[in-house]
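Quick one: structure below, then a few questions.
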4 protein chains.
Amino acid sequence: MAYQRSERMQRRIASNREGIVAAARLLVSKGGLREARMEAVASEAGLSTGALYRYFPSKADLFVDVLNAAVDREIVILDEIVNGPGSARERLTDAVASFVRRALRGPNLAYAFIAEPTEADVDAARILCRMRFGEVFKAIIRSGIENSEFRAQDVDASAACIVGAFTEALVGPIAPSTRGVEDEDRLIGAVSSFCVAAVVGVVMPCQ
Amino acid sequence: MAYQRSERMQRRIASNREGIVAAARLLVSKGGLREARMEAVASEAGLSTGALYRYFPSKADLFVDVLNAAVDREIVILDEIVNGPGSARERLTDAVASFVRRALRGPNLAYAFIAEPTEADVDAARILCRMRFGEVFKAIIRSGIENSEFRAQDVDASAACIVGAFTEALVGPIAPSTRGVEDEDRLIGAVSSFCVAAVVGVVMPCQ
Amino acid sequence: MAYQRSERMQRRIASNREGIVAAARLLVSKGGLREARMEAVASEAGLSTGALYRYFPSKADLFVDVLNAAVDREIVILDEIVNGPGSARERLTDAVASFVRRALRGPNLAYAFIAEPTEADVDAARILCRMRFGEVFKAIIRSGIENSEFRAQDVDASAACIVGAFTEALVGPIAPSTRGVEDEDRLIGAVSSFCVAAVVGVVMPCQ
Amino acid sequence: MAYQRSERMQRRIASNREGIVAAARLLVSKGGLREARMEAVASEAGLSTGALYRYFPSKADLFVDVLNAAVDREIVILDEIVNGPGSARERLTDAVASFVRRALRGPNLAYAFIAEPTEADVDAARILCRMRFGEVFKAIIRSGIENSEFRAQDVDASAACIVGAFTEALVGPIAPSTRGVEDEDRLIGAVSSFCVAAVVGVVMPCQ
DNA sequence: CATGAATGAGAATTCATTCAT
DNA sequence: TATGAATGAATTCTCATTCAT
């Protein structure tokens, strides 16, 4: 009677897991972490609440996973840009623009997660995610400083500022992310210009 | 025949109100809005939960007050800088530095509140506060553009980026605000340089 | 230093007591017992909540008093009618009409109290009041039976029915006591006819 | 892949719902709406408070249901009598007797609900219920007037009076519904005679 | 005697988590 | 393994009553 986990079953398990994460992501993108109740996630995933706990030991674990999955995708894309060709300036512009563009489209959750703290458990993960984003930008900044494209600066601080700047411009209530789609390019241009100017910062060198 | 409210009592009432706000502020600065339960606030203030409701009609009202009080103080100081003498560049530097410096000291909650969404009621106030901060920086940017200190730019977007940048640099976990006090000046310098460079943005003028 | 209670003081105490009862009555007539909070009563009476407890040991006691005061007045008037001249039938008509008329005017609270149960303590008093009203009508019914104006009947039950009938017709939501003032006489006529017919009840004697 | 809800479970759910309603009914019949706390209901039903909210969205909804269930049963029975054969007089007698008889037995809550106002939400339902009772009696009265069994009269007022009369005779403390069961028939007879006499009202036709 | 701020025991409702089926 | 009903601790808010001033 030894229990052999069939391939079919394995696939179902994997797909259930993905389905749960997808459902959770959808709900978060709609109403934020605050409104993503376990029962709603289960229902969206076509499962029972009990089943959720077979895949994730707690709500926090589930949302940490959701967060990481979303951020992983971002990081992959950003890393490609960062490690790609072009000047540091171009790569920074592209990285910011790429992030902002996808965030404006949704349902990309990176921004939602970045902006919304919750329980301590999830918060810790969020913090790590912000750090991962920070690392991406640190890499660009460092390479820009090395080849004298960028001014000398506190790399940690600048990276934090960049992440904060585009996050706020996107999700912050100040920033009119609701302007409408036509202005998308304008917003992207404005934010990436801001960030590039900040790190380049050859300020009035000829005066 | 009405009794005269004794001065002693008046002082007690005033001090209680302040005590409640202070207790709430403390708890928020420790554990965020989500851990600031009414009972905890009451206990911290040395009162009963019922007493809280004599001073504030609801939890949301209390925290809106706490938030506004913190932000009011900031805005007063920032406005003074903004409307003061000096070039736009100097004023921007000073404004950012001033905010960051006080935030690093604490218990200044402006940054905590700026960063943490909660219930819809409080959230509305938070959004207004961010907007108020945004307005301060818009004013500087506009004046800088007018006198050609700053490049032409999307004022709304830049203001959002500035607020996001120093917020993130402060509360964001990327920027280790836990570094210790020795680095305070360094952080302040880094963040304000970042913001100034971003809006000035005379990028590579001699190339 | 023996304390002589001055006449002035005695008068104030008495007038305060009356003021409290009046305030309570007003609030009840507006929003029912449910909405007559002690603080509101105090405020309406121009006193502090604490003062209330100098005159009444508890909320229940206060409202029992209010109830009894209102009912006392009714009973005095009804008793006058009951013990006055006229046939039992006339006296019953007058009694019902008199009660209904004053109730329609307000702020007569008898009906409000009659219709609204609350805490056990007050409820007991309410029950007693209904009994007192019942006694009034029992007296009329008995005298009507004695002189053969009314049919033989269960006096207790009939009295209860009468009280219930006009109470419901007044405060019950079925009975449109909101019809407007022009219909006042019509309602009074209808209700008293109903009650008289019920106790006379010489039903189809000639058939 | 959805599991089939077992019949056993379905039965449990149905019986739980009924159990909750029954528990609520019991508590109301004992101590009135004001003593029927959600925790007490849950405990009486052998459930947790949380479970109650799976079946009813709020306390008000639960009690509206309880009220309506009780009244529905009454109305069905009364309607049968009203629309049945017999003279208007007979049908009125039967309707009143039927209601009073069942009310004396309990746990029939119609009378309890009829007599006790509570929170606004439940109150609205209570008012509707009284109106439904009123309609039943209006129908009889109208048909009695049409075929000259009853005197001309204000149908609305009379219906209200009837409902008030038997309600008071039952729950009102004047009419000792605690008399004991032997007097049941006597009370029923007295109340229905009262109501019939009231609407027939051919008062002293031969004098 | 008057004041009214403070008390604190409730009461309703929510939701992550468990466990019998 | 899946289900989803049940749990129950947690949390906000209310209001009669008390007591220091």
Side-chain angles (χ1 to χ4, degrees), chain A residues 3 5 9 12-13 16 36-43 46-60 62 119, chain B residues 1-10 12-13 16-17 34 37-42 45-60 62 119, chain C residues 3 5 9 12-13 16 36-43 46-60 62 119, chain D residues 1-10 12-13 16 34 36-42 45-60 62 119:
Chain A
Y3 185 71
R5 185 175 283 176
M9 183 63 88
R12 191 174 78 190
I13 289 172
N16 272 350
R37 320 200 194 306
M38 290 301 264
E39 202 177 321
V41 173
S43 160
L47 289 170
S48 66
T49 56
L52 261 45
Y53 287 84
R54 187 159 292 280
Y55 296 93
F56 299 93
S58 77
K59 184 187 182 184
L62 166 57
E119 304 146 60
Chain B
M1 289 297 177
Y3 265 53
Q4 193 83 30
R5 184 179 284 177
S6 74
E7 260 188 46
R8 197 195 190 96
M9 183 61 91
Q10 271 187 47
R12 191 173 79 189
I13 290 172
N16 270 349
R17 195 173 212 283
R34 84 179 161 273
R37 316 188 206 313
M38 290 302 263
E39 202 182 324
V41 172
L47 289 170
S48 66
T49 57
L52 262 44
Y53 288 85
R54 173 171 291 274
Y55 296 91
F56 300 93
S58 75
K59 186 188 179 181
L62 166 56
E119 302 146 60
Chain C
Y3 185 69
R5 184 175 285 176
M9 184 62 88
R12 191 174 79 189
I13 289 173
N16 271 352
R37 318 199 196 307
M38 290 301 264
E39 204 177 322
V41 172
S43 161
L47 288 169
S48 66
T49 57
L52 262 43
Y53 287 85
R54 185 160 295 280
Y55 296 93
F56 299 93
S58 76
K59 185 188 183 185
L62 165 56
E119 304 147 60
Chain D
M1 287 298 177
Y3 263 52
Q4 193 81 33
R5 184 179 284 177
S6 75
E7 261 187 46
R8 198 195 189 97
M9 184 59 91
Q10 274 187 45
R12 191 173 79 189
I13 290 172
N16 270 351
R34 87 179 159 271
R37 316 186 207 314
M38 290 303 262
E39 203 181 323
V41 172
L47 290 169
S48 66
T49 57
L52 262 44
Y53 288 85
R54 174 170 291 274
Y55 295 91
F56 300 93
S58 76
K59 186 187 180 181
L62 167 56
E119 303 145 61

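All values below were derived from every heavy atom in this structure, side-chain atoms included, with hydrogens, water molecules and symmetry-related copies excluded. Each chain gets a letter, A, B and so on, in the order its sequence line appears, and its residues count up from 1.
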D:Met38 and D:Leu62: which non-hydrogen atoms are nearest, and at how many Å?
->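 Shortest heavy-atom contact: SD-CD2, 4.1 Å.
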
Output field dot_bracket for DNA chain E (Watson-Crick or G-U, both distances under 3.5 Å, | for other-strand pairs) contains .||||||||||||||||||||

Residues two or more places apart in sequence or in another chain: which of them pass side-chain hydrogen bond (donor to acceptor under 3.5 Å, both in side chains) with D:Ser58?
->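 Scan of D:Ser58 (side-chain hydrogen bond (donor to acceptor under 3.5 Å, both in side chains), adjacent residues dropped) gives D:Asp61.
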
Distance from B:Leu47 atom CG to B:Glu39 atom CD, nearest 0.5 Å?
->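 So the CG of B:Leu47 and the CD of B:Glu39 are separated by 13.0 Å.
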
Can you see which heavy atom on A:Ala42 is nearest to which on A:Thr49, and at what distance?
->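 Nearest heavy atoms, A:Ala42 then A:Thr49: CB-N, 3.6 Å.
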
Quick one: salt bridge (charged side-chain N to carboxylate O under 4.0 Å, His left out) partners of B:Arg17, sequence neighbours excluded?
->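 Applying salt bridge (charged side-chain N to carboxylate O under 4.0 Å, His left out) to B:Arg17 gives B:Asp65.
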
Base-contact (B) and sugar-phosphate-only (S) positions in nucleotides 7-14 of chain E, heavy-atom cut-off under 4.0 Å, - elsewhere | BBB-SSBB

Starting at CZ of C:Arg54, measure out to CG of C:Asn16 and round the result to the nearest 0.5 Å.
->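 Between atom CZ of C:Arg54 and atom CG of C:Asn16 there are 11.0 Å.
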
What residues form a side-chain hydrogen bond (donor to acceptor under 3.5 Å, both in side chains) with B:Tyr53, not counting sequence neighbours?
->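 side-chain hydrogen bond (donor to acceptor under 3.5 Å, both in side chains) check on B:Tyr53 returns nothing, list empty.
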
Under 4.0 Å between a side-chain N or O of A:Asn16 and OP1 or OP2 of F:dA2?
->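 Result: yes.
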
Residues two or more places apart in sequence or in another chain: which of them pass side-chain contact (heavy atoms from CB on, under 4.5 Å) with C:Ser48?
->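 Partners of C:Ser48 by the side-chain contact (heavy atoms from CB on, under 4.5 Å) criterion, ordered by chain and then number, come out as C:Ala51.
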
What nucleic acid atoms does B:Phe56 come within less than 4.0 Å of, heavy atoms only: base, sugar-phosphate, or nothing?
->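 No contact.
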
